[in-house]
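Convention: sequence-line order gives letters A, B, ...; per-chain numbering from 1.
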Amino acid sequence: MPARYAERIIMVSMDKLVSLCKRRGFVFPSSEIYGGLNGCWDYGPLGVELKRNVKQAWWDDMLRHHDDTLASAGAPSAFSMVGLDSALLMNPTVWEASGHVGGFSDPMVDCRETRARYRGDQLVVFALVFVADDGNSEEVDEILFAAPGEAGKTADAELIGVHRKRIGTIAKRFGKSAPDHLALHDDALTDPELRSKILAPNAKEPGSLTAPRAFNLMFKTHVGAMEDHSSVAYLRPETAQGIFVNFKNVLDTARVKLPFGIGQIGKAFRNEINPRNFTFRSREFEQMEIEFFCRPEEAAQWYTFWRDRRFQWYQDLGIRAENLHLREHDKSELAHYAAGCADVEYDFPFGQSELEGIANRADFDLSQHMQTSGKDLRYFDDQATSDELRRFLPHVIEPSAGADRGTLAFLCDAYHEDEVGGETRTVMRLHPRLAPIKAAVFPLVKKEGMPEKAQEIYRSLRKHFNVAYDEKGAIGRRYRRQDEAGTPYCITVDGDTLAQGSVTVRDRDTLEQHRVGVDELQNFLRDAIEP
RNA sequence: GCGGGUGUGGUUCAAUGGUAGAACCUCAGCUUCCCAAGCUGAUGACGCGGGUUCGAUUCCCGCCACCCGCUCCA
C-alpha cells in the first residue's frame, strides 16, 4: 500500500450519504421538480444497478444456485427452493384472511400533551351533570372528560375513578361530593369546539386531543374504471400473501416435497404514518421474501438454520460484522401465533434498525387461508406411517428482507473517507458483486492510439460486465470519480500497452496497481466478481 | 401525529426590500505517461402558492419537502 495513503475510520452521516447519492446518481427524491412526495425515492443510474445487484445476489444465493440434492451447511436436510412472481393486486379477501383489513382501520386519537394514542371508539367522552335542589339538572359542560372504555357501556363509577380528584374539585363548587350522573357526548371528539374542552386521560389541560383519524396502512385502489364498492382492491402491504395463496399451485405443479421454500421479490406498499430516514422507511418499497414450508416437528430447527444463514448473507456481501446484530425477540414481542422471531439489524447513522425479520409463523397463514377460502391446503404425505400423519398443514419459516433497506445498509457500510497525498478521498467500498460498475477503462492520455486501444478493451468487456469508458480530464480525477461510484477496478491503457499487450489494473481499496495481460482481463474480473 | 430546525446552480456555502456571488462538480478547448495539477471559456439556482409593497429570494401567512428529538412501525 502506498505510503501516502492513510485509512480513516468515520461514521458516515446521513447528510453526507444523501448528498453523495444525489451527486453521483444513486438516489433522487421522487418527482423532485414538483417538490417531491413524502416517503418516496427514485434510484438513479448507479442506484438502479446497485439495487438490481442486491436483488440478483439474493435470488442467486437463495434460489438459482441452490442445490436441492445436498444438505447445505447447518441445514437439517436437503431441501428445494423455487421462485414466484405473484400479482401485486389480489382478491381483497386475501387481506381479510391475513388479518390486514380487520385490525388496522380504526380511527385513532392522539393526545398532544401526554403523547398517548387511543382508538377513537374506545374513548368515552362525558360531561358532569349535577341535579339542582329543585330537581332541574344543571350540566357543567365547560369541562368534558375522556376516559378509556367502550361507548355507552362503561359504568359511571369507573369513569369517575379516572378523574376522581378533578371531578371532586368541580363538584365542590356545586356543594356536592360527586356529580349526580354523567352525560355521554358521543360526537364530542369530532366537533372541534367540544374537543377543545375535553380533558384527556392523565392530561392537565383540556384540548390536547387531536381529531380522530382513520389509520389503515394499506393503500386502497379500484379495479376497473368504475369506482364502486365491489371494485375495491389493495396495493399489497407485503409479498408474502402472494406466496401463501399459491402454495397449492406450486405444490401441485413444481414436483416439490417438504421441506421446500418459495422465494419472491416484489414491490409492496404501506401508507406509513411517518416515513423517515431517507429510503429506510418508504411508502413504496421492495421486499425479498421466502416462505419455507416444513414439517411442524422440524420447524424449530429450520428457524435456526434460516436465521443464521440470513444473518451471514449480509456479511458475505461485505457488511462489517461489528455493524450487524441478530436480535431475538422477547416472548412479549411475538405475535400470538408466532413461535419465534429474530431481526437482522444494522447500525445506521440514525440508529440500530431492522434489515430483515426471520419468523417462525407456524401454520397460521395457511390455516387462515384454508378457513377463509374453504380450500384444503393440507400437505399429503404418501410415505406416512399412519392416517393421522398423512394430511397436515406445514409450518412456515419466513425470512423477510427489505431490498431498499439492504441497499441503504450496503451504501452506509461502503462509505469511507481516507487520505491520499494529504487530500480527502471519498470512496464507496462496495463488494464487487454489488458495485454498479465493475471496471472502468481509461487511456492514460488522449493520444498516441491509447483511446482506440482502450475502447477496444471496453467493447470486449462490455459483453460480460457493466464497464465504463472515460478519457476526459486528468487520470487522477477519473480514478476519484470511479471511487465515489464504488467501481472496484480501473483499467488503464498506457505507453507500454501496445508493445507488451498489458494494462495496469488499479485497486479501488488499496490504490495498488499491477499489470495484467489484455487477454487475461476477462478472467481477472470474473474471478473478482463471482461469489 | 407532536415539537424544533432547514430550504439559494449538480454539491457545499455567501449576500441582498431594487442586476443574486464563490468554491467544487459538469461541459468545450489547450496541456498532461498514473491519483481531484494548470490555463482559457461556457452552462446552470432563490421549494410551491398567496399577502404586504412601486418593487419580495429577502418581510408576513399557508402548503410542500428534507433533517433532528419524541411517537409509530401489523
Exercise. Could you verify whether a donor N or O on one side chain and an acceptor N or O on the other, from A:Tyr43 and A:Thr279, lie under 3.5 Å apart?
Key: no
For residues 27-40 of chain A, which side-chain donor-acceptor pairs fall under 3.5 Å, sequence neighbours excluded?
{"residue": "A:Glu32", "atom": "OE2", "partner": "A:Lys22", "partner atom": "NZ", "Å": "3.2"}
{"residue": "A:Asn38", "atom": "OD1", "partner": "A:Arg283", "partner atom": "NH1", "Å": "3.0"}

Quiz item: Does a side-chain N-to-carboxylate-O contact under 4.0 Å join A:Arg459 and A:Glu456?
Solution: no
Quiz prompt | A:Arg24 vs B:C25: side-chain N/O to OP1/OP2 distance below 4.0 Å | solution = no
Quiz item: Which nucleotide in the set B:A36, B:C68, B:C35 lies at the smallest distance from any side-chain heavy atom of A:Gln513?
Solution: B:C35
Quiz item: When you measure from the side chain of A:His100, which nucleotide among B:A74, B:C70, B:C73 comes out closest?
Solution: B:A74
Self-check item: Integer angstrom distance from the C1' of B:U57 to that of B:U6
Solution: 15 Å
Quiz item: Should the pair A:Arg307-A:Glu328 be classified as a salt bridge under the 4.0 Å nitrogen-to-oxygen rule?
Solution: yes
What nitrogen or oxygen pairs link the protein and nucleotides 40-48 of chain B at under 3.5 Å?
none

Self-check item: Residues in ring-ring contact (aromatic ring centres under 6.0 Å, His included) contact with A:Phe26, at least two apart in sequence or another chain
Solution: none
Quiz item: Looking at residues 441-450 of chain A, who's got a heavy atom less than 4.0 Å off RNA chain B?
Solution: A:Leu444, A:Val445, A:Lys446, A:Lys447, A:Glu448, A:Met450
Quiz prompt | Most 5' of A:Arg506 and A:Glu354 on RNA chain B, judged by nearest nucleotide | solution = A:Arg506
Self-check item: Nucleotide nearest A:Ile475 (side chain, heavy atoms from C-beta), chosen from B:A74, B:C34, B:C73
Solution: B:C34
Practice problem: For B:U11 versus B:G7, give the span between their P atoms, rounded off to a whole number of Å. | Solution: 14 Å
Exercise. Take atom CZ of A:Arg52 as the centre, draw a 6.0 Å sphere, and report whether it contains more than 12 heavy atoms from other residues, nucleotides or ligands.
Key: no
Quiz item: Can you check whether A:Asn277 has a side-chain N or O nearer than 4.0 Å to OP1 or OP2 of B:C68?
Solution: yes
Quiz item: Taking only Watson-Crick and G-U wobble pairs with both distances under 3.5 Å, what dot-bracket line describes RNA chain B, where [ ] shows pairs that cross earlier ones and | shows pairs with another strand?
Solution: (((((((..((((....[..)))).(((((.......)))))....(((((..]....))))))))))))....
Quiz item: A:Asn38 side chain N/O closer than 4.0 Å to the phosphate oxygens (OP1, OP2) of B:C66?
Solution: yes
Quiz item: Per the atom types in the model, does the base of B:C35 pair as donor or acceptor with the side chain of A:Arg425 at under 3.5 Å?
Solution: no
Practice problem: Could you work out the separation of B:A74 and B:G3 based on their P atoms and round it to a whole Å? | Solution: 25 Å
Quiz item: Mind checking whether A:Phe524 and A:Tyr489 have parallel, tilted or perpendicular rings, split at 30° and 60°?
Solution: perpendicular
Practice problem: Determine the interatomic distance between P on B:A14 and the same-named atom on B:A23; round to the nearest Å. | Solution: 16 Å
Quiz item: Atom CZ of A:Arg477 and atom C1' of B:A36: how far apart are they, to the nearest Å?
Solution: 5 Å
Quiz item: Say you draw a straight line from CE of A:Met428 to OG1 of A:Thr487; how long is it, rounded to the nearest 0.5 Å?
Solution: 11.0 Å
Practice problem: Just grab all the salt bridge (charged side-chain N to carboxylate O under 4.0 Å, His left out) pairs involving residues 483-495 of chain A, residues at least two apart or on different chains. | Solution: A:Arg23-A:Glu484, A:Arg24-A:Glu484, A:Arg425-A:Asp483, A:Asp483-A:Arg506, A:Asp494-A:Arg515
Quiz item: Quick one: side chain to side chain donor-acceptor pair (under 3.5 Å) partners of A:Asn360, sequence neighbours excluded?
Solution: none
Quiz item: For A:Glu520, which residues count as a side chain to side chain donor-acceptor pair (under 3.5 Å) partner, sequence neighbours excluded?
Solution: none
Self-check item: Rounded distance in Å - CD1 (A:Ile491) to C1' (B:C35)
Solution: 17 Å
Quiz prompt | Contacts of A:Ser98 that satisfy side chain to side chain donor-acceptor pair (under 3.5 Å) - sequence neighbours left out | solution = A:His100
Exercise. Nearest whole angstrom, please: distance from the C1' of B:C34 to the CZ of A:Arg508.
Key: 19 Å
Self-check item: Under 3.5 Å side-chain donor-acceptor pair for A:Tyr346 and A:Asp413
Solution: yes
Quiz item: Which nucleotide sits closest to the side chain of A:Glu484: B:C34, B:A36, B:A74?
Solution: B:A36
Quiz item: Base, sugar-phosphate, or nothing: which does A:Gly44 touch, judged by heavy atoms less than 4.0 Å apart?
Solution: nothing
Quiz item: When the C1' atoms of B:G51 and B:G17 are considered, how many whole Å apart are they?
Solution: 15 Å
Quiz item: Rounded to the nearest Å, what distance is computed from the CZ atom of residue A:Arg283 to the C1' atom of nucleotide B:A65?
Solution: 12 Å
Practice problem: Taking only the side-chain heavy atoms of A:Phe350 (C-beta and beyond), determine which of B:A74, B:C25, B:C68 contains the nearest atom. | Solution: B:C68
Quiz prompt | Inter-nucleotide C1' distance (B:U32, B:A37), Å rounded | solution = 9 Å
Quiz item: Can the ring centres of A:Tyr479 and A:Phe442 be said to be less than 6.0 Å apart?
Solution: yes
Quiz item: Which whole-number value in Å describes the distance from A:His514 NE2 to B:C35 C1'?
Solution: 17 Å
Quiz item: When all nucleic acid strands are considered with a 4.0 Å heavy-atom cut-off, which category describes A:Ser98: base, sugar-phosphate, or nothing?
Solution: nothing
Practice problem: Would you give a per-nucleotide map of nucleotides 4-14 of chain B, 5' to 3', where B means the base has a protein non-hydrogen atom under 4.0 Å away, S means only the sugar-phosphate does, and - means neither? | Solution: ------SSS--
Practice problem: With P as the reference atom in both, quote the distance from B:G62 to B:C25 in angstrom, rounded to an integer. | Solution: 42 Å
Quiz item: Can you list the residues that meet the side-chain contact (heavy atoms from CB on, under 4.5 Å) rule with A:His325, with sequence neighbours excluded?
Solution: A:Glu345, A:Asp347, A:Gln352
Quiz item: Quick one: which of B:A74, B:C66, B:C70 gets closest to the side chain of A:Asn274?
Solution: B:C70
Self-check item: Earlier contact from the 5' end, RNA chain B, for A:Asp496 and A:Gly36
Solution: A:Asp496
Practice problem: Mind checking side chain to side chain donor-acceptor pair (under 3.5 Å) for A:His431 and listing every partner two or more places apart, or none if nothing turns up? | Solution: none
Quiz prompt | Inter-nucleotide C1' distance (B:U12, B:G44), Å rounded | solution = 16 Å
